[in-house]
Amino acid sequence: MNKIPLSVIVLAYNEEENLTDCLKSASFASEIILVDSGSTDKSDDIAKAFGCRILQRPLNGDYSAQRNFAIANASNEWVMMLDADERITKELAEEIKEAVRSNDDICWKISRENHFVEGRVLHGVLRPDKVERLFKKNNAKYEGLVHERLQCSSPKKELQGRLIHFPYKSWEIHLDKMNRYTTMLAKKYASQGKKCGFLSGIIVKPVWAFVKTYFVHLGFLDGKLGFEFCLLHGFYTLEKYIKLRSIIRFNGRI
């Protein structure tokens, strides 16, 4: 297989269930870098079998720093960020090859389609989102501890192919992530001096979060999964503002 001059970067922590399919989908790239934040499973063994460069670095809750570290260590000018729970489709792979070969100064957006054992979710809170993933390394830098964003000076364009995303293996994992993210966001909002009234933050915003994703963004078209995820999005919003209000009023205590 003729590999293209592209560095695919994958962040990993105990991702042995995901890595084989993830790395296989990126096998057209000349370099795959796995940044491991202390895995205790077979993640590194799987990466070695695929010929990946493995870099060890603690995450310390800072995803931007982890991604920037990986970018700085990339051997190629072109870089693609790929999460361990994502797969590059054949159609997308061909578009990526063409984009790298053309070498235009563009930051490419890619749409992600969320899949689960029970089915796909194409609407509501988990409707396909467009993420900036393919870019030239010298034009890009990540910022933000949580929900990190790519800051790229290149013009933005969108590829038509999609990433297949398997975001959660279980409800336990999903709820654990919600708990961690709402805590981080509540602390971030508090540090920024954001206020939280009981009516607006604890009642109105959570209800609107559900209504918006379920009705406005058509979550009801995804059946039971659509309802469950939209309902949990309302709870996510509620949890975030309950924690913020607690930090403001009682230093995080109930």
Side-chain angles (χ1 to χ4, degrees), residues 1-13 15-16 18-39 43-60 62-112 129-144 148-165:
M1 178 188 296
N2 293 325
K3 296 181 182 290
I4 62 171
L6 170 69
S7 295
V8 173
I9 293 170
V10 180
L11 306 188
Y13 175 73
E15 290 285 358
E16 65 179 6
N18 280 318
L19 273 179
T20 297
D21 289 339
C22 171
L23 299 178
K24 187 183 297 183
S25 77
S27 59
F28 59 88
S30 64
E31 179 180 59
I32 303 178
I33 299 174
L34 183 85
V35 185
D36 181 40
S37 54
S39 294
S43 292
D44 287 1
D45 293 335
I46 294 170
K48 288 176 185 176
F50 277 90
C52 299
R53 282 180 61 198
I54 302 173
L55 304 177
Q56 298 288 342
R57 187 178 189 275
L59 180 61
N60 295 325
D62 192 336
Y63 286 92
S64 288
Q66 200 80 332
R67 295 189 190 279
N68 291 332
F69 167 77
I71 292 171
N73 279 278
S75 301
N76 294 303
E77 179 184 26
W78 279 95
V79 169
M80 180 177 178
M81 285 290 171
L82 181 66
D83 290 346
D85 57 7
E86 296 172 340
R87 316 285 181 263
I88 301 171
T89 62
K90 292 181 179 179
E91 295 78 11
L92 178 59
E94 292 304 315
E95 287 188 273
I96 292 170
K97 292 176 187 178
E98 180 58 32
V100 172
R101 287 170 183 151
S102 65
N103 201 33
D104 295 328
D105 185 15
I106 294 171
C107 177
W108 292 98
K109 294 182 178 181
I110 303 172
S111 183
R112 294 190 302 179
D129 58 334
K130 296 177 178 62
V131 288
E132 297 168 358
R133 292 295 186 82
L134 181 64
F135 49 86
K136 292 187 175 183
K137 62 178 289 186
N138 293 331
N139 297 343
K141 182 179 180 180
Y142 281 86
E143 295 180 357
E148 68 276 12
R149 295 292 301 273
L150 177 68
Q151 304 299 320
C152 185
S153 59
S154 303
K156 311 295 190 299
K157 287 189 178 181
E158 184 179 345
L159 297 176
Q160 297 305 305
R162 285 186 170 181
L163 287 170
I164 302 302
H165 187 210

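These numbers come from a predicted model, not from an experiment.
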If you round to the nearest 0.5 Å, how far is [atom2] of [Y] from [atom1] of [X]?
X	Y	atom1	atom2	result
Lys24	Arg87	NZ	CZ	10.0 Å
Leu23	Glu15	CG	CD	10.5 Å
Met81	Leu134	CE	CG	11.5 Å
Leu19	Ile46	CG	CD1	5.5 Å
Leu59	Leu11	CG	CG	7.5 Å
Asn103	Lys136	CG	NZ	4.0 Å

| request: Please report the C-alpha distance between Leu150 and Cys107 in whole Å, then the side-chain angles of each, then the deciding distance to 0.1 Å, and finally whether the side-chain contact (heavy atoms from CB on, under 4.5 Å) criterion is met. | output: CA-CA 10 Å; Leu150 177 68; Cys107 177; 3.9 Å; yes
I need the minimum non-hydrogen distance between [X] and [Y], along with the two atoms involved.
X	Y	result
Ile32	Ala26	CD1-O, 3.7 Å
Pro5	Trp78	O-CB, 3.9 Å
Gly38	Tyr13	O-CE1, 3.3 Å
Val35	Ala70	CG2-CB, 3.6 Å
Ser25	Glu86	OG-O, 4.5 Å
Val8	Ala29	CG2-CB, 3.6 Å

Is there a donor-acceptor pair under 3.5 Å between the side chain of [X] and the backbone N or O of [Y]?
X	Y	answer
Ser7	Asn76	yes
Ser64	Glu143	yes
Thr89	Arg162	yes
Glu31	Arg53	no
Asn68	Tyr142	yes

| query | Hey, are Arg112 and Asp85 close enough for a salt bridge, meaning a charged N less than 4.0 Å from a carboxylate O? | reply | no
| request: Please determine if Glu94 and Lys97 form a salt bridge, counting it only when a charged side-chain N lies under 4.0 Å from a carboxylate O. | output: yes
| said: Given Arg133, which partner from the list Leu159, Ile96, Asp83 fulfils the side-chain contact (heavy atoms from CB on, under 4.5 Å) test? | reply: Asp83
| remark: With Trp108 as partner, the option from Met80, Lys157, Glu158 fulfilling side-chain contact (heavy atoms from CB on, under 4.5 Å) is Lys157
With a 4.5 Å heavy-atom cut-off, do [X] and [Y] have their side chains touching?
X	Y	value
Arg67	Ile9	no
Asn139	Cys152	yes
Asp45	Glu16	no

| message | Let's go through Asp36 and Ser43 carefully: what are the C-alpha distance in whole Å and the side-chain angles of both, what is the deciding distance for side-chain hydrogen bond (donor to acceptor under 3.5 Å, both in side chains) to 0.1 Å, and is it a yes or a no? | response | CA-CA 8 Å; Asp36 181 40; Ser43 292; 5.5 Å; no
| query | NZ of Lys109: more than 12 outside heavy atoms within 6.0 angstrom? | reply | no
| said: Counting only heavy atoms from other residues, nucleotides and ligands, does the tally under 6.0 Å from NZ of Lys156 exceed 12? | reply: yes
| message | Show, in sequence, the C-alpha distance, side-chain angles and deciding distance for Ile88 and Ile110, and conclude whether the side-chain contact (heavy atoms from CB on, under 4.5 Å) test is met. | response | CA-CA 10 Å; Ile88 301 171; Ile110 303 172; over 6 Å; no
